[in-house]
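Scroll down for the structure; my scribbles are underneath it.
Below, chain A is the first sequence line, B the second, and so on; all start at residue 1.
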There are 2 protein chains.
Amino acid sequence: MITSYTEENYLKAIYHLHHEKNASVSTNSISESLQTRAASVTDMLKKLADKGFINYAKYQGVTLTDSGKQKAIEIIRKHRLWEVFLVEKLNFKWDEVHDLAEELEHINSEILINKLDEFLDFPKNDPHGDPIPDKNGVLKSQEVLPIHKLQIGDAGIISGVKEHSKGFLQYLEKTGLTLGETIKIVDKIDFDGSVIINIHQKEQNISREVAKNLLIAI
Amino acid sequence: MITSYTEENYLKAIYHLHHEKNASVSTNSISESLQTRAASVTDMLKKLADKGFINYAKYQGVTLTDSGKQKAIEIIRKHRLWEVFLVEKLNFKWDEVHDLAEELEHINSEILINKLDEFLDFPKNDPHGDPIPDKNGVLKSQEVLPIHKLQIGDAGIISGVKEHSKGFLQYLEKTGLTLGETIKIVDKIDFDGSVIINIHQKEQNISREVAKNLLIAI
DNA sequence: TTATATTTTTAGACTTATCTAAAAATTCAT
DNA sequence: ATGAATTTTTAGATAAGTCTAAAAATATAA
(Lines give C-alpha, C1' and ligand atoms only; values in the text may rest on other atoms or scores of the structure.)
Protein backbone atom coordinates (compact mmCIF):
# COMPACT_ATOMS: atom_id res chain seq x y z
CA MET A 1 0.00 0.00 0.00
CA ILE A 2 1.48 3.32 -1.11
CA THR A 3 1.67 6.15 1.43
CA SER A 4 1.97 9.87 0.82
CA TYR A 5 4.51 12.09 2.54
CA THR A 6 1.70 13.39 4.76
CA GLU A 7 0.29 9.99 5.68
CA GLU A 8 3.78 8.90 6.68
CA ASN A 9 4.09 11.85 9.03
CA TYR A 10 0.80 10.94 10.71
CA LEU A 11 1.87 7.30 11.17
CA LYS A 12 5.20 8.36 12.63
CA ALA A 13 3.51 10.83 15.00
CA ILE A 14 1.02 8.20 16.17
CA TYR A 15 3.85 5.75 16.77
CA HIS A 16 5.82 8.22 18.87
CA LEU A 17 2.80 9.45 20.81
CA HIS A 18 1.79 5.88 21.61
CA HIS A 19 5.23 5.14 23.02
CA GLU A 20 5.28 8.31 25.07
CA LYS A 21 2.03 7.68 26.94
CA ASN A 22 1.52 3.98 26.30
CA ALA A 23 -2.16 4.48 25.57
CA SER A 24 -4.40 4.99 22.57
CA VAL A 25 -3.58 8.26 20.83
CA SER A 26 -6.04 11.17 20.88
CA THR A 27 -6.96 13.39 17.96
CA ASN A 28 -5.82 16.46 19.88
CA SER A 29 -2.40 15.08 20.70
CA ILE A 30 -1.79 14.35 17.01
CA SER A 31 -3.12 17.79 16.15
CA GLU A 32 -0.64 19.38 18.52
CA SER A 33 2.27 17.22 17.49
CA LEU A 34 1.80 17.94 13.77
CA GLN A 35 0.64 21.56 14.17
CA THR A 36 -2.51 20.74 12.25
CA ARG A 37 -6.11 21.48 13.24
CA ALA A 38 -8.05 18.68 14.93
CA ALA A 39 -10.64 18.71 12.15
CA SER A 40 -7.93 17.93 9.60
CA VAL A 41 -6.61 15.15 11.81
CA THR A 42 -10.04 13.52 11.94
CA ASP A 43 -10.19 13.52 8.13
CA MET A 44 -6.79 11.90 7.88
CA LEU A 45 -7.58 9.31 10.56
CA LYS A 46 -10.54 8.13 8.48
CA LYS A 47 -8.29 7.79 5.49
CA LEU A 48 -5.60 5.90 7.38
CA ALA A 49 -8.25 3.58 8.85
CA ASP A 50 -9.60 2.90 5.33
CA LYS A 51 -6.10 1.97 4.25
CA GLY A 52 -5.75 -0.40 7.19
CA PHE A 53 -2.94 1.43 8.99
CA ILE A 54 -4.84 2.32 12.17
CA ASN A 55 -7.70 1.11 14.34
CA TYR A 56 -10.10 3.98 14.61
CA ALA A 57 -13.49 4.37 16.24
CA LYS A 58 -15.03 7.82 16.56
CA TYR A 59 -14.14 9.64 19.79
CA GLN A 60 -12.03 6.68 20.98
CA GLY A 61 -8.54 7.62 19.85
CA VAL A 62 -6.40 5.45 17.58
CA THR A 63 -3.83 2.67 17.69
CA LEU A 64 -1.61 1.42 14.88
CA THR A 65 -2.39 -1.88 13.19
CA ASP A 66 0.49 -4.23 12.43
CA SER A 67 0.88 -2.77 8.97
CA GLY A 68 0.76 0.77 10.35
CA LYS A 69 3.39 -0.12 12.92
CA GLN A 70 5.58 -1.59 10.22
CA LYS A 71 5.31 1.55 8.08
CA ALA A 72 6.12 3.76 11.06
CA ILE A 73 9.18 1.72 11.93
CA GLU A 74 10.37 1.85 8.31
CA ILE A 75 10.20 5.63 8.40
CA ILE A 76 11.98 5.80 11.75
CA ARG A 77 14.70 3.51 10.40
CA LYS A 78 15.21 5.84 7.44
CA HIS A 79 15.17 8.96 9.63
CA ARG A 80 17.80 7.62 12.01
CA LEU A 81 20.08 6.21 9.33
CA TRP A 82 20.08 9.54 7.49
CA GLU A 83 20.91 11.27 10.78
CA VAL A 84 23.93 9.02 11.22
CA PHE A 85 25.00 9.80 7.66
CA LEU A 86 24.67 13.54 8.18
CA VAL A 87 26.67 13.52 11.41
CA GLU A 88 29.30 10.87 10.64
CA LYS A 89 29.93 11.55 6.98
CA LEU A 90 28.94 15.16 6.35
CA ASN A 91 30.07 16.51 9.74
CA PHE A 92 26.80 18.06 10.81
CA LYS A 93 26.33 18.60 14.55
CA TRP A 94 23.78 16.46 16.39
CA ASP A 95 21.46 19.42 16.84
CA GLU A 96 21.40 20.28 13.13
CA VAL A 97 20.22 17.04 11.56
CA HIS A 98 16.63 16.56 12.64
CA ASP A 99 14.91 18.76 10.05
CA LEU A 100 16.96 17.41 7.17
CA ALA A 101 16.30 13.81 8.22
CA GLU A 102 12.64 14.76 8.39
CA GLU A 103 12.76 15.29 4.62
CA LEU A 104 15.16 12.50 3.69
CA GLU A 105 13.08 9.90 5.55
CA HIS A 106 10.40 10.12 2.87
CA ILE A 107 12.67 9.05 0.02
CA ASN A 108 11.17 5.77 -0.96
CA SER A 109 13.63 3.00 -1.78
CA GLU A 110 14.37 -0.10 0.21
CA ILE A 111 17.56 -0.71 -1.77
CA LEU A 112 18.78 2.80 -1.08
CA ILE A 113 18.27 2.57 2.64
CA ASN A 114 19.83 -0.88 2.91
CA LYS A 115 22.88 0.28 0.96
CA LEU A 116 23.11 3.35 3.18
CA ASP A 117 22.91 1.08 6.24
CA GLU A 118 25.80 -0.98 4.88
CA PHE A 119 27.83 2.12 3.97
CA LEU A 120 27.45 3.35 7.56
CA ASP A 121 28.50 -0.08 8.84
CA PHE A 122 25.12 -1.02 10.32
CA PRO A 123 24.96 1.49 13.17
CA LYS A 124 22.86 0.48 16.20
CA ASN A 125 21.98 3.99 17.38
CA ASP A 126 21.47 7.41 15.87
CA PRO A 127 23.40 10.52 17.01
CA HIS A 128 20.86 11.12 19.79
CA GLY A 129 21.19 7.60 21.14
CA ASP A 130 17.91 6.32 19.73
CA PRO A 131 18.03 2.73 18.48
CA ILE A 132 17.87 2.09 14.72
CA PRO A 133 15.45 -0.65 13.59
CA ASP A 134 17.13 -3.28 11.43
CA LYS A 135 15.99 -4.10 7.88
CA ASN A 136 13.34 -6.46 9.24
CA GLY A 137 11.87 -3.76 11.45
CA VAL A 138 13.28 -5.23 14.64
CA LEU A 139 13.99 -2.50 17.12
CA LYS A 140 16.00 -3.50 20.15
CA SER A 141 15.15 -1.17 22.95
CA GLN A 142 17.90 -0.67 25.49
CA GLU A 143 17.27 -0.38 29.23
CA VAL A 144 17.33 3.35 29.84
CA LEU A 145 15.93 5.65 32.50
CA PRO A 146 15.71 9.42 32.72
CA ILE A 147 18.10 10.80 35.36
CA HIS A 148 15.31 11.92 37.69
CA LYS A 149 14.20 8.30 38.16
CA LEU A 150 17.64 7.16 39.35
CA GLN A 151 18.61 6.87 43.02
CA ILE A 152 21.54 8.48 44.79
CA GLY A 153 24.58 6.32 44.13
CA ASP A 154 23.34 4.95 40.80
CA ALA A 155 25.79 5.27 37.91
CA GLY A 156 25.49 4.82 34.17
CA ILE A 157 26.23 6.09 30.70
CA ILE A 158 24.43 8.93 28.96
CA SER A 159 22.76 7.14 26.09
CA GLY A 160 19.88 9.16 24.80
CA VAL A 161 17.57 12.15 25.03
CA LYS A 162 13.80 12.37 25.29
CA GLU A 163 13.63 15.92 23.99
CA HIS A 164 15.14 16.57 20.55
CA SER A 165 14.94 20.36 20.31
CA LYS A 166 17.92 22.28 19.01
CA GLY A 167 18.09 24.35 22.19
CA PHE A 168 18.26 21.35 24.50
CA LEU A 169 20.87 19.56 22.41
CA GLN A 170 23.03 22.67 22.17
CA TYR A 171 22.82 23.11 25.95
CA LEU A 172 23.95 19.51 26.51
CA GLU A 173 26.83 19.98 24.08
CA LYS A 174 27.92 23.15 25.84
CA THR A 175 27.86 21.61 29.32
CA GLY A 176 29.62 18.42 28.26
CA LEU A 177 26.62 16.13 28.72
CA THR A 178 27.17 14.15 25.52
CA LEU A 179 26.41 10.56 24.57
CA GLY A 180 28.79 8.00 26.01
CA GLU A 181 29.85 9.98 29.10
CA THR A 182 29.68 8.17 32.44
CA ILE A 183 27.80 9.86 35.28
CA LYS A 184 26.92 9.08 38.88
CA ILE A 185 24.08 10.47 40.99
CA VAL A 186 25.53 12.38 43.98
CA ASP A 187 22.41 14.01 45.38
CA LYS A 188 18.77 14.77 44.56
CA ILE A 189 17.29 18.06 45.73
CA ASP A 190 13.64 17.69 46.70
CA PHE A 191 13.05 21.41 46.75
CA ASP A 192 13.34 22.02 42.99
CA GLY A 193 13.81 18.53 41.56
CA SER A 194 17.37 19.24 40.49
CA VAL A 195 20.05 16.55 40.59
CA ILE A 196 23.75 16.73 41.41
CA ILE A 197 25.81 14.36 39.32
CA ASN A 198 29.45 13.47 39.08
CA ILE A 199 30.86 13.69 35.57
CA HIS A 200 34.49 14.06 34.46
CA GLN A 201 35.51 13.79 38.14
CA LYS A 202 33.56 16.95 38.93
CA GLU A 203 30.16 17.69 40.42
CA GLN A 204 27.58 19.33 38.26
CA ASN A 205 24.04 20.48 38.99
CA ILE A 206 21.27 19.50 36.61
CA SER A 207 17.80 21.05 36.58
CA ARG A 208 14.64 18.98 36.85
CA GLU A 209 13.87 19.69 33.22
CA VAL A 210 17.21 18.36 32.05
CA ALA A 211 17.05 15.39 34.45
CA LYS A 212 13.73 14.36 32.97
CA ASN A 213 14.98 14.41 29.39
CA LEU A 214 18.44 12.87 29.66
CA LEU A 215 18.47 9.07 29.44
CA ILE A 216 20.97 6.87 31.24
CA ALA A 217 21.80 3.22 30.58
CA ILE A 218 22.64 1.38 33.78
CA MET B 1 11.12 32.66 -3.82
CA ILE B 2 10.04 29.22 -2.65
CA THR B 3 9.39 26.54 -5.26
CA SER B 4 7.34 23.38 -4.96
CA TYR B 5 8.56 19.95 -6.00
CA THR B 6 6.37 20.24 -9.11
CA GLU B 7 7.51 23.72 -10.08
CA GLU B 8 11.10 22.55 -9.82
CA ASN B 9 10.41 19.72 -12.23
CA TYR B 10 8.94 22.13 -14.75
CA LEU B 11 11.94 24.47 -14.49
CA LYS B 12 14.35 21.59 -14.94
CA ALA B 13 12.41 20.27 -17.93
CA ILE B 14 12.35 23.70 -19.58
CA TYR B 15 16.09 24.08 -19.01
CA HIS B 16 16.88 20.72 -20.62
CA LEU B 17 14.47 21.22 -23.53
CA HIS B 18 15.95 24.62 -24.24
CA HIS B 19 19.45 23.16 -24.39
CA GLU B 20 18.34 20.34 -26.66
CA LYS B 21 16.79 22.47 -29.38
CA ASN B 22 18.29 25.87 -28.57
CA ALA B 23 14.96 27.58 -29.10
CA SER B 24 12.02 28.73 -27.00
CA VAL B 25 10.26 25.76 -25.44
CA SER B 26 6.75 24.76 -26.55
CA THR B 27 3.88 23.74 -24.30
CA ASN B 28 3.63 20.40 -26.04
CA SER B 29 7.29 19.53 -25.60
CA ILE B 30 7.00 20.14 -21.86
CA SER B 31 3.79 18.15 -21.81
CA GLU B 32 5.53 15.21 -23.44
CA SER B 33 8.65 15.46 -21.32
CA LEU B 34 6.72 15.50 -18.03
CA GLN B 35 3.92 13.14 -19.12
CA THR B 36 1.36 15.78 -18.20
CA ARG B 37 -1.51 17.10 -20.34
CA ALA B 38 -0.89 20.31 -22.28
CA ALA B 39 -3.75 22.03 -20.46
CA SER B 40 -2.04 21.41 -17.13
CA VAL B 41 1.22 22.72 -18.54
CA THR B 42 -0.44 25.97 -19.58
CA ASP B 43 -1.74 26.45 -16.03
CA MET B 44 1.69 25.91 -14.57
CA LEU B 45 3.38 28.20 -17.09
CA LYS B 46 1.14 31.05 -15.96
CA LYS B 47 2.11 30.37 -12.38
CA LEU B 48 5.83 30.21 -13.14
CA ALA B 49 5.56 33.45 -15.13
CA ASP B 50 3.81 35.14 -12.18
CA LYS B 51 6.67 34.05 -9.96
CA GLY B 52 9.19 35.48 -12.38
CA PHE B 53 10.87 32.23 -13.40
CA ILE B 54 9.91 32.23 -17.08
CA ASN B 55 9.09 34.60 -19.91
CA TYR B 56 5.74 33.56 -21.21
CA ALA B 57 3.46 34.98 -23.87
CA LYS B 58 0.43 33.00 -24.98
CA TYR B 59 1.10 30.68 -27.92
CA GLN B 60 4.74 31.80 -28.09
CA GLY B 61 6.51 29.17 -26.02
CA VAL B 62 8.67 29.98 -22.99
CA THR B 63 12.23 30.82 -21.99
CA LEU B 64 13.75 30.88 -18.52
CA THR B 65 14.47 34.20 -16.85
CA ASP B 66 17.78 34.60 -15.00
CA SER B 67 16.15 33.54 -11.75
CA GLY B 68 14.52 30.55 -13.45
CA LYS B 69 17.83 29.54 -14.96
CA GLN B 70 19.47 29.79 -11.56
CA LYS B 71 16.82 27.59 -9.95
CA ALA B 72 17.16 25.02 -12.72
CA ILE B 73 20.93 24.89 -12.37
CA GLU B 74 20.63 24.47 -8.60
CA ILE B 75 18.40 21.46 -9.10
CA ILE B 76 20.71 19.99 -11.72
CA ARG B 77 23.66 20.48 -9.36
CA LYS B 78 21.81 18.58 -6.64
CA HIS B 79 20.72 15.82 -9.01
CA ARG B 80 24.23 15.21 -10.29
CA LEU B 81 25.93 15.35 -6.90
CA TRP B 82 23.47 12.80 -5.50
CA GLU B 83 24.18 10.58 -8.52
CA VAL B 84 27.89 10.69 -7.74
CA PHE B 85 27.14 9.82 -4.12
CA LEU B 86 24.96 6.87 -5.09
CA VAL B 87 27.53 5.44 -7.50
CA GLU B 88 30.77 6.22 -5.66
CA LYS B 89 29.70 5.67 -2.07
CA LEU B 90 26.72 3.34 -2.16
CA ASN B 91 27.90 1.25 -5.14
CA PHE B 92 24.90 1.71 -7.35
CA LYS B 93 25.43 1.12 -11.08
CA TRP B 94 25.27 4.14 -13.40
CA ASP B 95 21.98 2.97 -14.87
CA GLU B 96 20.27 2.67 -11.48
CA VAL B 97 20.67 6.15 -10.05
CA HIS B 98 18.54 8.44 -12.17
CA ASP B 99 15.16 7.87 -10.49
CA LEU B 100 16.56 8.12 -6.98
CA ALA B 101 18.42 11.34 -7.81
CA GLU B 102 15.15 12.61 -9.24
CA GLU B 103 13.74 12.48 -5.69
CA LEU B 104 16.83 13.53 -3.77
CA GLU B 105 17.30 16.63 -5.94
CA HIS B 106 14.28 18.23 -4.28
CA ILE B 107 15.70 18.13 -0.77
CA ASN B 108 16.07 21.77 0.02
CA SER B 109 19.25 22.74 1.84
CA GLU B 110 22.18 24.66 0.51
CA ILE B 111 24.34 23.58 3.45
CA LEU B 112 23.52 19.94 2.85
CA ILE B 113 24.45 20.04 -0.79
CA ASN B 114 27.66 21.97 -0.21
CA LYS B 115 28.71 19.51 2.47
CA LEU B 116 27.88 16.64 0.16
CA ASP B 117 29.97 18.29 -2.56
CA GLU B 118 32.91 18.50 -0.16
CA PHE B 119 32.42 14.91 1.04
CA LEU B 120 32.59 13.75 -2.59
CA ASP B 121 35.72 15.86 -3.12
CA PHE B 122 34.14 18.37 -5.49
CA PRO B 123 33.51 16.11 -8.48
CA LYS B 124 33.45 17.80 -11.90
CA ASN B 125 31.19 15.30 -13.64
CA ASP B 126 28.39 12.93 -12.73
CA PRO B 127 28.50 9.18 -13.50
CA HIS B 128 27.12 9.82 -17.01
CA GLY B 129 29.77 12.39 -17.81
CA ASP B 130 27.52 15.42 -17.39
CA PRO B 131 29.23 18.44 -15.82
CA ILE B 132 28.26 19.43 -12.27
CA PRO B 133 27.58 23.16 -11.70
CA ASP B 134 29.65 24.61 -8.84
CA LYS B 135 28.10 26.28 -5.80
CA ASN B 136 27.82 29.56 -7.68
CA GLY B 137 25.90 27.95 -10.49
CA VAL B 138 28.81 28.04 -12.91
CA LEU B 139 28.60 25.13 -15.30
CA LYS B 140 31.67 24.52 -17.41
CA SER B 141 30.64 22.79 -20.57
CA GLN B 142 33.26 20.57 -22.08
CA GLU B 143 33.84 20.29 -25.81
CA VAL B 144 32.03 17.13 -26.74
CA LEU B 145 30.57 15.73 -29.95
CA PRO B 146 28.37 12.73 -30.61
CA ILE B 147 30.28 9.98 -32.45
CA HIS B 148 28.28 10.39 -35.68
CA LYS B 149 29.62 13.93 -36.10
CA LEU B 150 33.27 12.83 -35.97
CA GLN B 151 35.40 12.15 -39.08
CA ILE B 152 37.31 9.00 -39.95
CA GLY B 153 40.63 9.14 -38.11
CA ASP B 154 39.35 11.31 -35.24
CA ALA B 155 40.08 9.99 -31.74
CA GLY B 156 38.87 10.92 -28.28
CA ILE B 157 37.57 9.83 -24.92
CA ILE B 158 34.05 8.67 -24.17
CA SER B 159 32.82 11.37 -21.84
CA GLY B 160 29.06 11.45 -21.78
CA VAL B 161 25.73 10.25 -23.07
CA LYS B 162 22.82 12.13 -24.57
CA GLU B 163 20.28 9.46 -23.75
CA HIS B 164 19.97 8.43 -20.09
CA SER B 165 17.61 5.46 -20.33
CA LYS B 166 18.40 2.34 -18.35
CA GLY B 167 18.40 0.20 -21.48
CA PHE B 168 20.97 2.33 -23.29
CA LEU B 169 23.26 2.58 -20.28
CA GLN B 170 23.10 -1.16 -19.69
CA TYR B 171 23.93 -1.80 -23.35
CA LEU B 172 26.97 0.47 -23.14
CA GLU B 173 28.13 -1.26 -19.97
CA LYS B 174 27.78 -4.68 -21.59
CA THR B 175 29.73 -3.72 -24.70
CA GLY B 176 32.50 -1.96 -22.78
CA LEU B 177 31.63 1.54 -24.00
CA THR B 178 32.09 3.19 -20.60
CA LEU B 179 33.21 6.68 -19.58
CA GLY B 180 36.92 7.31 -19.88
CA GLU B 181 37.63 4.77 -22.64
CA THR B 182 39.62 6.00 -25.65
CA ILE B 183 38.19 5.38 -29.09
CA LYS B 184 39.14 6.12 -32.69
CA ILE B 185 36.89 6.34 -35.76
CA VAL B 186 37.90 3.66 -38.29
CA ASP B 187 35.08 3.92 -40.78
CA LYS B 188 31.62 5.39 -41.29
CA ILE B 189 29.02 3.40 -43.22
CA ASP B 190 26.76 5.65 -45.29
CA PHE B 191 24.24 2.90 -45.92
CA ASP B 192 22.92 2.61 -42.33
CA GLY B 193 24.75 5.37 -40.51
CA SER B 194 26.71 2.92 -38.40
CA VAL B 195 30.29 3.61 -37.35
CA ILE B 196 33.26 1.33 -36.90
CA ILE B 197 35.49 2.35 -34.02
CA ASN B 198 38.66 1.07 -32.51
CA ILE B 199 38.47 0.47 -28.76
CA HIS B 200 40.66 -1.74 -26.58
CA GLN B 201 42.82 -2.47 -29.67
CA LYS B 202 39.82 -4.07 -31.37
CA GLU B 203 37.33 -2.93 -33.97
CA GLN B 204 33.72 -2.62 -32.94
CA ASN B 205 30.62 -1.66 -34.91
CA ILE B 206 28.26 0.91 -33.49
CA SER B 207 24.74 1.59 -34.76
CA ARG B 208 23.58 5.02 -35.85
CA GLU B 209 21.39 5.27 -32.76
CA VAL B 210 24.30 4.60 -30.43
CA ALA B 211 26.63 6.89 -32.43
CA LYS B 212 24.19 9.75 -32.01
CA ASN B 213 23.93 9.37 -28.25
CA LEU B 214 27.52 8.69 -27.22
CA LEU B 215 29.59 11.81 -26.61
CA ILE B 216 33.32 12.06 -27.24
CA ALA B 217 35.77 14.66 -25.96
CA ILE B 218 38.48 15.38 -28.52
C1' DT C 1 -4.91 32.21 -49.63
C1' DT C 2 -8.13 29.64 -47.79
C1' DA C 3 -9.23 25.24 -45.79
C1' DT C 4 -7.39 21.81 -42.76
C1' DA C 5 -4.49 20.15 -39.22
C1' DT C 6 -2.04 21.04 -35.15
C1' DT C 7 -1.04 23.43 -31.05
C1' DT C 8 -2.39 25.97 -27.22
C1' DT C 9 -5.61 27.91 -24.16
C1' DT C 10 -10.02 28.24 -21.59
C1' DA C 11 -13.70 26.38 -18.82
C1' DG C 12 -15.23 23.45 -15.57
C1' DA C 13 -14.38 19.48 -12.62
C1' DC C 14 -11.72 16.21 -9.39
C1' DT C 15 -8.38 14.94 -5.50
C1' DT C 16 -5.51 15.77 -1.50
C1' DA C 17 -4.70 18.10 2.45
C1' DT C 18 -5.81 21.79 4.72
C1' DC C 19 -8.89 25.45 7.10
C1' DT C 20 -13.04 27.75 10.05
C1' DA C 21 -17.35 27.49 12.30
C1' DA C 22 -20.64 24.96 14.40
C1' DA C 23 -22.67 20.65 16.11
C1' DA C 24 -22.20 16.43 18.74
C1' DA C 25 -20.04 13.44 22.03
C1' DT C 26 -17.38 12.78 26.01
C1' DT C 27 -15.29 14.06 30.37
C1' DC C 28 -15.10 16.46 34.61
C1' DA C 29 -16.44 18.82 38.75
C1' DT C 30 -19.49 19.87 42.04
C1' DA D 1 -25.82 12.87 38.14
C1' DT D 2 -26.24 16.91 35.72
C1' DG D 3 -24.45 21.25 33.85
C1' DA D 4 -20.14 23.12 32.10
C1' DA D 5 -15.89 22.47 29.85
C1' DT D 6 -13.34 19.99 26.66
C1' DT D 7 -12.64 17.10 22.83
C1' DT D 8 -13.92 15.39 18.52
C1' DT D 9 -16.53 15.31 14.42
C1' DT D 10 -19.30 17.25 10.58
C1' DA D 11 -20.16 20.57 7.00
C1' DG D 12 -18.63 23.52 3.78
C1' DA D 13 -14.71 26.16 1.73
C1' DT D 14 -9.88 26.87 -0.24
C1' DA D 15 -5.37 26.05 -2.82
C1' DA D 16 -2.36 23.17 -5.67
C1' DG D 17 -1.98 20.31 -9.38
C1' DT D 18 -4.15 17.56 -12.31
C1' DC D 19 -7.82 16.06 -15.83
C1' DT D 20 -11.35 16.18 -20.16
C1' DA D 21 -13.82 18.60 -23.59
C1' DA D 22 -14.22 22.32 -26.34
C1' DA D 23 -12.79 26.84 -28.18
C1' DA D 24 -9.26 29.79 -30.10
C1' DA D 25 -4.94 30.68 -32.25
C1' DT D 26 -1.30 29.32 -35.21
C1' DA D 27 0.91 26.55 -38.79
C1' DT D 28 0.67 23.95 -43.02
C1' DA D 29 -0.52 22.56 -47.55
C1' DA D 30 -3.00 22.51 -51.75
Between the side chain of A/Thr27 and the main-chain N/O of A/Ala38, is any donor-acceptor distance below 3.5 Å?
no
Round to a whole Å and report the spacing from [atom1] of [X] to [atom2] of [N].
{"X": "A/Tyr5", "N": "D/dA16", "atom1": "OH", "atom2": "P", "answer": "18 Å"}
{"X": "B/Met44", "N": "C/dT10", "atom1": "CE", "atom2": "P", "answer": "16 Å"}
{"X": "A/Leu48", "N": "C/dT16", "atom1": "CG", "atom2": "P", "answer": "13 Å"}
{"X": "A/Ile54", "N": "D/dT8", "atom1": "CD1", "atom2": "P", "answer": "13 Å"}
{"X": "B/Asn9", "N": "D/dA16", "atom1": "CG", "atom2": "C1'", "answer": "15 Å"}
{"X": "B/Ile2", "N": "D/dA16", "atom1": "CD1", "atom2": "P", "answer": "12 Å"}

Scan B/Thr27 against the nucleic acid and name what it touches under 4.0 Å (heavy atoms): base, sugar-phosphate only, or nothing.
sugar-phosphate
Answer with base, sugar-phosphate or nothing: what part of the nucleic acid does A/Thr42 contact at a heavy-atom distance below 4.0 Å?
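Since a base atom lies under 4.0 Å of A/Thr42, the category is base.
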Please report whether the ring centroid of B/His98 lies less than 6.0 Å from that of B/His128.
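So the answer is no for these two rings.
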So that I know where these two stand, are A/His19 and A/Tyr15 an aromatic pair - ring centroids less than 6.0 Å apart?
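Yes; A/Tyr15 has its ring centre under 6.0 Å from that of A/His19.
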So if I apply the side-chain contact (heavy atoms from CB on, under 4.5 Å) rule between [X] and each of [options], which one comes out positive?
{"X": "A/Leu214", "options": "A/Leu145, A/Val144, A/Val161", "value": "A/Val161"}
{"X": "A/Met44", "options": "A/Thr42, A/Val41, A/Leu48", "value": "A/Leu48"}
{"X": "A/Lys78", "options": "A/Asn108, A/Leu116, A/Leu112", "value": "A/Asn108"}

Is B/Lys162 salt-bridged to B/Glu20, going by a charged N under 4.0 Å from an acidic O?
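A salt bridge is absent here (no side-chain N lies under 4.0 Å from a carboxylate O).
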Using the ring of A/Phe119 (Phe, Tyr or Trp, six-membered ring only), decide whether A/Lys89 places NZ or CZ under 6.0 Å from its centre and within 45 degrees of its axis.
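Yes - A/Lys89 lies over the ring of A/Phe119, closer than 6.0 Å to its centre and within 45° of its axis.
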Derivation of the salt bridge (Lys or Arg N to Asp or Glu O under 4.0 Å) call for B/Lys12 and B/Glu102:
CA-CA 11 Å; B/Lys12 196 176 48 144; B/Glu102 206 74 355; 2.9 Å; yes
It should be established whether A/Tyr10 places a side-chain nitrogen or oxygen under 4.0 Å from OP1 or OP2 of nucleotide C/dT16.
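Result: no.
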Can you check whether A/Lys46 has a side-chain N or O nearer than 4.0 Å to OP1 or OP2 of D/dT9?
no
Side chains of B/His164 and B/Asp130: do they bring a donor and an acceptor to under 3.5 Å?
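Present: a donor and an acceptor within the cut-off.
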Protein-nucleotides 24-27 of chain D N/O pairs closer than 3.5 Å?
residue, atom, partner, partner atom, Å
D/dA25, O4', B/Tyr59, OH, 3.4

What pairs of nitrogen or oxygen atoms, one from the protein and one from nucleotides 4-6 of chain C, lie under 3.5 Å apart?
none

Identify the pairs formed between an N or O of the protein and an N or O of nucleotides 19-22 of chain D at a distance under 3.5 Å, and give each distance.
residue, atom, partner, partner atom, Å
D/dC19, OP2, B/Arg37, N, 2.9
D/dC19, OP2, B/Ser40, OG, 2.7
D/dT20, OP2, B/Arg37, NE, 2.9

Give the minimum heavy-atom separation between A/Ala13 and A/Ser33, together with the two atoms involved.
CB-OG, 3.8 Å
